[in-house]
Amino acid sequence: RYELASFGNTSLRVAVLSDLHVGAPFMGLDKLRTVVQRTNALHPDLICLLGDYVIQGVRGGTFVPPEPIATELAGLRAGAGVFAVLGNHDGWFDAPRMAAALRANGIVVLEDAAQQIETPAGPVWLVGFADLMTGGSDVSRALSAVPSDATRIIALTHNPDLFPQVPARVTMTLAGHTHGGQVRLPFWGSPVVPSRFGQRYAAGHVIENGRHLFVTTGIGTSIIPVRFGVPPSIALLTLTGSAASR
């Protein structure tokens, strides 16, 4: 649970999925089906997908194209909808094809775009940024449609390295990409985090100058099919204005 003043006495349950990397070892379409079922069982108000649906080059894996992945993701259910951005692996493969597959299955893809949605907590603006590595994110363009007096804004980005560019009027930024380092050693931490900021945005809730970022550790694997100390995760965030603890 996260206390955010703009939510007043209401709350919003947001499920966050990222870095599925379907086709990696131990992450086939059958496992994706299980992820969808477990996410729905959490009864979220809103579901946010943060990119890297496909995988290339992982040892022991088998490439799965966007279309069957999107077909499985079509099973996700949330009252306020399912929204997505793309990741670097999607861009390296074929970003337009991945986006088209998601849209064809009822998932809204926001690429440097914004949309207002109705939620149990009232109106909320969702802003999706293009992938920082492959899409050339344009933060100003994405936020241009959001009224200056909007007080509830959730931003979606694949890569948390974009966070320093996100203005203070954004209530919460959600990101993935890092896998939490994918391997975390006792007394050492994660030897490798794919971020130019190192451990700063590796995982979890980050607050900088009053701005909020949440980085999920994701579900699949990349490069090597190993997770150690960083288990796969479906994140469920409760955004509330009442007294709450993380």
Side-chain angles (χ1 to χ4, degrees), residues 1-20 35-53 73 76-85 87 107-108 110 114-129 146 150-163 166-181 195 200-220 230-246:
R1 296 175 65 90
Y2 298 95
E3 184 178 353
L4 301 166
S6 64
F7 277 85
N9 294 320
T10 58
S11 63
L12 180 68
R13 290 162 55 86
V14 184
V16 183
L17 303 178
S18 188
D19 301 282
L20 293 165
V35 169
V36 168
Q37 293 169 352
R38 291 186 177 181
T39 303
N40 289 341
L42 297 172
H43 303 293
D45 300 313
L46 171 68
I47 298 176
C48 297
L49 309 178
L50 303 183
D52 274 5
Y53 310 97
L73 291 174
L76 290 168
R77 295 289 181 265
V82 182
F83 293 81
V85 292
I107 296 169
V108 180
L110 297 174
Q115 181 171 324
Q116 188 181 48
I117 62 172
E118 291 297 327
T119 78
V124 172
W125 278 91
L126 287 184
V127 180
F129 300 125
V146 182
T151 59
R152 297 174 179 177
I153 306 171
I154 299 175
L156 314 182
T157 177
H158 178 66
N159 195 325
D161 284 8
L162 190 67
F163 183 57
V166 178
R169 71 187 187 111
V170 172
T171 311
M172 172 72 86
T173 300
L174 306 177
H177 181 63
T178 65
H179 299 203
S195 166
R200 180 172 164 185
Y201 302 142
H205 188 200
V206 178
I207 304 176
E208 291 184 353
N209 300 319
R211 298 175 305 123
H212 293 260
L213 167 70
F214 178 82
V215 184
T216 180
T217 55
I219 292 174
V230 190
S233 66
I234 299 169
L236 181 67
L237 310 183
T238 301
L239 310 183
T240 179
S242 60
S245 60
R246 179 178 171 187

Worked verdict on Asn40 versus Leu76 for side chain to side chain contact (heavy atoms under 4.5 Å, CB included): CA-CA 6 Å; Asn40 289 341; Leu76 290 168; 4.1 Å; yes
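- In this structure, the separation between CG on Leu17 and SG on Cys48 is 9.0 Å, given to the nearest 0.5 Å.
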Side chain to side chain contact (heavy atoms under 4.5 Å, CB included) between Thr119 and Leu46, worked out: CA-CA 8 Å; Thr119 78; Leu46 171 68; 5.7 Å; no
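- Taken to the nearest 0.5 Å, the CZ atom of Arg200 stands 14.0 Å off from the OG1 atom of Thr178.
- Residues Leu236 and Arg13 are in side-chain contact: their nearest non-hydrogen atoms beyond the backbone lie under 4.5 Å apart.
- Across Ala175 and Leu213, no two heavy atoms sit closer than the pair CB-CD1, 4.1 Å.
- Within the model, atoms CG of Asp52 and CG of Asp19 stand 5.0 Å from one another, a figure rounded to the nearest 0.5 Å.
- Here Thr173 contributes atom OG1 and Ile153 contributes atom CD1; the two are 10.0 Å apart, rounded to the nearest 0.5 Å.
- Note that the CD1 atom of Ile154 and the CG atom of Leu237 stand 8.5 Å from one another [nearest 0.5 Å].
- The shortest heavy-atom contact between His212 and Phe163 is O-CE1, 3.6 Å.
- A pairwise comparison of heavy atoms in Phe129 and Ala155 identifies CE1-CB, 3.7 Å as the closest pair.
- Within the model, atoms OG1 of Thr216 and CG of Leu50 stand 7.5 Å from one another, a figure rounded to the nearest 0.5 Å.
- Counting only heavy atoms from C-beta outward, the side chains of Thr217 and His179 never approach each other to under 4.5 Å.
- Ile107 and Ala84 get closest at one heavy-atom pair: CG2-CB, 3.8 Å.
- Gly176 and Ser18 get closest at one heavy-atom pair: CA-OG, 3.6 Å.
- Aromatic ring orientation, His177 versus His158: perpendicular (interplanar angle above 60°, classes split at 30° and 60°).
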Working for side chain to side chain contact (heavy atoms under 4.5 Å, CB included), residues Val166 and Thr157: CA-CA 10 Å; Val166 178; Thr157 177; over 6 Å; no
Audit row: Leu174, Val14, side chain to side chain contact (heavy atoms under 4.5 Å, CB included) steps and yes/no: CA-CA 10 Å; Leu174 306 177; Val14 184; 4.2 Å; yes
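- No donor-acceptor pair closer than 3.5 Å links the side chain of Asn209 to the backbone N or O of Arg211.
- Donor-acceptor pairing under 3.5 Å is lacking for the side chains of Ser11 and Thr238.
- Between Val127 and Val170 there is no side-chain heavy-atom pair separated by less than 4.5 Å.
- Residues Val124 and Thr171 form no side-chain contact, since every pair of their non-hydrogen atoms from C-beta on lies 4.5 Å or further apart.
- Between Phe83 and the choices Leu110, Ile47, Leu49, the side-chain contact (heavy atoms from CB on, under 4.5 Å) rule is met once, by Leu110.
- Here the closest heavy-atom approach between residue Val215 and residue Ala202 is recorded as CG1-O, 3.8 Å.
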